[in-house]
4 protein chains.
Amino acid sequence: MKSELIKQSINLFVEKGFSATSIQDIVDTIGVTKGSFYYHFKSKEALLMDIHSHYIDDLLKRQKTILDTEKSHKDKLIAIVELIIVDIEKQGAVGRVYFREIRHLKEENAAVIRQKRADFRNNIEVLLKEGIRANEFRRELQPKIITFAILGITNWSYQWFSVEGSLTVKELSAMYTDFILHGIQSPNASN
Amino acid sequence: MKSELIKQSINLFVEKGFSATSIQDIVDTIGVTKGSFYYHFKSKEALLMDIHSHYIDDLLKRQKTILDTEKSHKDKLIAIVELIIVDIEKQGAVGRVYFREIRHLKEENAAVIRQKRADFRNNIEVLLKEGIRANEFRRELQPKIITFAILGITNWSYQWFSVEGSLTVKELSAMYTDFILHGIQSPNASN
Amino acid sequence: MKSELIKQSINLFVEKGFSATSIQDIVDTIGVTKGSFYYHFKSKEALLMDIHSHYIDDLLKRQKTILDTEKSHKDKLIAIVELIIVDIEKQGAVGRVYFREIRHLKEENAAVIRQKRADFRNNIEVLLKEGIRANEFRRELQPKIITFAILGITNWSYQWFSVEGSLTVKELSAMYTDFILHGIQSPNASN
Amino acid sequence: MKSELIKQSINLFVEKGFSATSIQDIVDTIGVTKGSFYYHFKSKEALLMDIHSHYIDDLLKRQKTILDTEKSHKDKLIAIVELIIVDIEKQGAVGRVYFREIRHLKEENAAVIRQKRADFRNNIEVLLKEGIRANEFRRELQPKIITFAILGITNWSYQWFSVEGSLTVKELSAMYTDFILHGIQSPNASN
DNA sequence: GATGAATGAGTCTTCATTCAT
DNA sequence: GATGAATGAAGACTCATTCAT
């Protein structure tokens with residue numbers, strides 16, 4: 001039931017936003033009472049934190065697996081882009097909450113999430129730096145800025161990509177890795 | 001005074017979000033009363049619509065100027081990317097409201113804004129198509145998808161870029177046009 | 001313009017009630033501003049008092065004319081009933097305001113109107129008394145109570161009678177005087 | 001507590017009118033908070049609808065009992081008049097709300113109440129028609145119009161009758177049935 | 001005579017949260 | 001685990017009224 005509450009609240013947060021969604025709205029979708037909600041969550045904000053934590057923890061874990069498993073910098077990067085994009089299909093709604101509603105965490109919790117986000121981002125930045133040093137990626141790139149560009153491309157997809165369209169997430173992911181690699185690879189890198 | 005209300009409300013919307021910002025919050029910042037707010041705006045949503053309308057109208061107008069003025073497809077694209085990025089400095093806050101709060105427009109108004117957003121996007125898509133036909137951009141690109149990638153890069157900047165940092169918007173803009181052009185230009189295109 | 005304000009406000013008061021009608025509603029119907037309203041009326045309540053005063057003063061004046069002019073008690077009564085009923089056509093809206101909104105006068109003004117209403121009623125009561133003494137009307141009637149019955153019949157008409165129907169006010173008035181006279185006349189009275 | 005809210009709100013509606021009575025006024029009389037009110041009623045209008053529904057449903061039920069129980073048309077009519085008048089004592093306040101505030105129901109609800117009012121009225125009209133056919137009542141009467149006259153007499157009583165006066169509701173009811181029967185009975189009807 | 005701008009008190013309503021049962 | 005009832009603070013919005021121009 002706790003997970004049911006989470007699931008439905010995510011849908012509502014996507015649709016109406018965190019502030020505009022009331023506890024009543026949430027419990028109504030699964031036909032329980034507000035009292036019940038407060039048995040499972042200390043507060044509305046605690047629910048939001050729960051959503052954020054699970055999402056970023058899961059992302060970090062899978063990113064780590066990729067970094068530990070894939071061989072070349074290029075392959076690692078491809079896998080990470082794919083990780084984010086392909087997730088739209090399974091986790092599109094959570095993702096949208098994650099990107100939009102961090103503002104509504106209390107500072108104490110927001111700091112925790114921001115740190116993990118920074119870790120995720122930093123892992124990509126380090127990857128780019130190493131790829132540059134290894135001559136796989138262009139020397140003149142600023143890793144920090146390019147990391148933001150890559151995240152912009154992938155994260156923005158959560159705003160417009162529709163799983164109901166004819167394009168699959170796999171195809172989108174392929175197009176974006178191609179685009180990104182063209183953008184960063186050294187001319188002499190073997191494609 | 002109406003413009004003062006708009007200005008302050010934008011700051012608050014960025015900081016706390018539309019829903020979490022009360023009319024009281026807004027009028028307090030400039031020391032007038034709620035009644036005054038409602039003399040100038042029919043509703044809170046009308047204020048938000050006002051912000052959205054002005055922003056996108058301005059953007060479309062400047063985009064049109066670029067398309068009418070710049071010569072090559074490449075130059076047009078560069079100018080449009082610059083338009084969005086350099087704006088962060090002057091209009092960063094409005095932009096953030098614009099990207100995040102469209103949800104809180106009532107359907108009727110949201111439809112108007114969505115259409116204009118689609119126009120803006122479509123102008124870029126057409127530009128890419130023509131650039132491909134002119135052999136300036138790579139043949140295998142899907143204009144629609146690449147348009148979203150470009151907008152992802154530029155729009156996402158509004159979420160992280162800080163005017164207080166050492167990087168200027170001009171520099172950021174240069175890096176991103178470079179990255180994007182590498183990503184889309186034909187190998188045989190004269191750089 | 002003052003009379004225009006009165007006319008339109010009466011329509012609105014009938015439709016939505018005094019409290020639910022705002023000054024804004026009133027001035028909107030004739031396209032002027034609120035400031036204008038306050039040039040002509042000291043307050044919203046003053047407008048309502050104006051309506052009440054004119055209505056009852058006019059009614060009393062015409063009642064007096066009848067009492068001074070008509071000969072028999074029966075004819076006087078018939079004329080008074082006709083006075084109220086036939087007015088529906090010309091003054092139906094004012095009448096409805098007059099019957100429903102006295103509550104919203106401030107005590108001081110309400111007292112004035114209540115007194116005039118009592119006068120109007122009392123004139124009928126006296127008429128009945130004299131008719132009874134003159135053996136025109138039944139001895140066992142209680143004048144005060146029968147007065148209320150007569151006013152109930154006539155005043156209630158303002159709630160349901162529609163000038164658009166096929167029945168004319170003249171016809172209605174005839175039916176009601178017939179009904180009332182049957183109710184009160186002595187069996188031996190010459191019809 | 002819900003019924004306490006209803007009871008007190010009726011008193012306030014009588015005194016100040018529906019629009020001029022605030023939720024705060026209502027809850028203050030029984031010392032609870034506004035939140036509480038909204039736990040029990042969806043809206044202020046819902047409370048008003050509640051009052052209207054109960055009142056007319058009760059009236060219709062008792063009218064039906066009378067029509068099913070009493071024998072002659074005359075007795076039925078007497079009982080119905082009595083039903084309305086005697087009620088002043090127990091339900092005077094509700095009645096006044098019922099007669100005055102239907103305007104503040106939203107159209108959807110008003111239609112329901114209006115239909116039931118029409119049913120109540122129609123039952124009397126049918127009764128008159130049958131009484132005429134049975135030669136109990138005068139042939140020249142228009143049942144629809146006389147129905148309104150009768151209701152005018154009875155309903156208007158709610159506006160002026162005071163239970164504190166020396167006249168009892170039983171006495172008033174007797175006077176009015178006498179007056180009405182004189183108004184409608186055939187000369188040859190056995191009294 | 002009329003307007004535009006502002007006020008401040010008040011309106012209905014919503015909501016996160018609590019707690020006894 | 002869950003409910004029903006209540007709270008109190010806050011929310012968007014309305015309105016009668018005022019006043020300088």
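Here is the naming used below: chain letters follow the sequence lines, and residue numbers restart at 1 for every chain.
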### Phosphate OP1/OP2 of F:dA10: any B:Ser22 side-chain N/O under 4.0 Å
no

### Task
Select one nucleotide: of F:dT7, E:dC12, F:dA12, the one nearest the side-chain heavy atoms of D:Val32.
F:dT7

### Query
Got a donor-acceptor contact below 3.5 angstrom from the B:Asp50 side chain to the B:Leu47 backbone?
no

#### Entry: Ring-face cation of A:Arg117 near A:Tyr98 (centre distance under 6.0 Å, axis angle within 45°)
yes

### Query
Does a salt bridge link C:Arg103 with D:Glu101, judged by any charged N lying under 4.0 Å from a carboxylate O?
yes

### Task
Please work out if A:Ser19 contacts a base, only the sugar-phosphate, or nothing of the nucleic acid, heavy-atom cut-off 4.0 Å.
nothing

### Separation of E:dG8 C1' from B:Ile23 CD1 (nearest whole Å)
16 Å

## Note on the structure
Heavy-atom nearest nucleotide on DNA chain F taken for C:Thr21 and for B:Ser43; more 5' hit belongs to B:Ser43

## Note on the structure
Rounded to whole Å, CD1 of A:Ile30 lies from C1' of F:dG1 at a distance of 13 Å

### Query
Using a cut-off of less than 4.0 Å, is there contact between a side-chain N or O of B:Tyr39 and OP1 or OP2 of E:dA6?
no

### Query
For E:dG4, does either OP1 or OP2 sit under 4.0 Å from a side-chain N or O belonging to B:His40?
no

## Note on the structure
5'-most contact on DNA chain E (nearest-nucleotide basis), C:Gly35 vs D:Ala20, goes to C:Gly35

#### Entry: D:Arg96/D:Glu15 ion pair, N-O < 4.0 Å
no

### Rounded interatomic separation in angstrom, taking CE from B:Met1 and P from E:dT7
6 Å

### Task
Find the distance B:Asp25:CG to F:dA10:C1' and express it as a whole number of Å.
10 Å

## Note on the structure
Under a 3.5 Å limit on both distances, the Watson-Crick or wobble mate of E:dT13 is F:dA10

### Task
Specify the separation, in whole Å, of atom CZ of C:Phe37 and atom P of E:dA5.
21 Å

### Message
Considering every strand and a 4.0 Å limit on heavy-atom distances, what is the contact class for D:Ser36: base, sugar-phosphate, or nothing?
### Response
base

#### Entry: Spacing of A:Tyr38 atom OH relative to F:dT3 atom P, expressed in whole Å
15 Å

### Task
Using whole Å, report how far NZ of C:Lys44 lies from C1' of E:dA9.
15 Å

### Query
Watson-Crick or G-U wobble partner for E:dA20, using a 3.5 Å limit on both distances?
F:dT3

### Query
Looking only at atom C1', what distance separates F:dT21 and E:dG1, rounded to whole Å?
13 Å

### Any donor-acceptor N/O pair, D:Lys44 side chain to D:Thr21 backbone, under 3.5 Å
yes

### Query
Rounded to whole angstrom units, what separation is found between the CG atom of C:Asp28 and the P atom of E:dG4?
12 Å

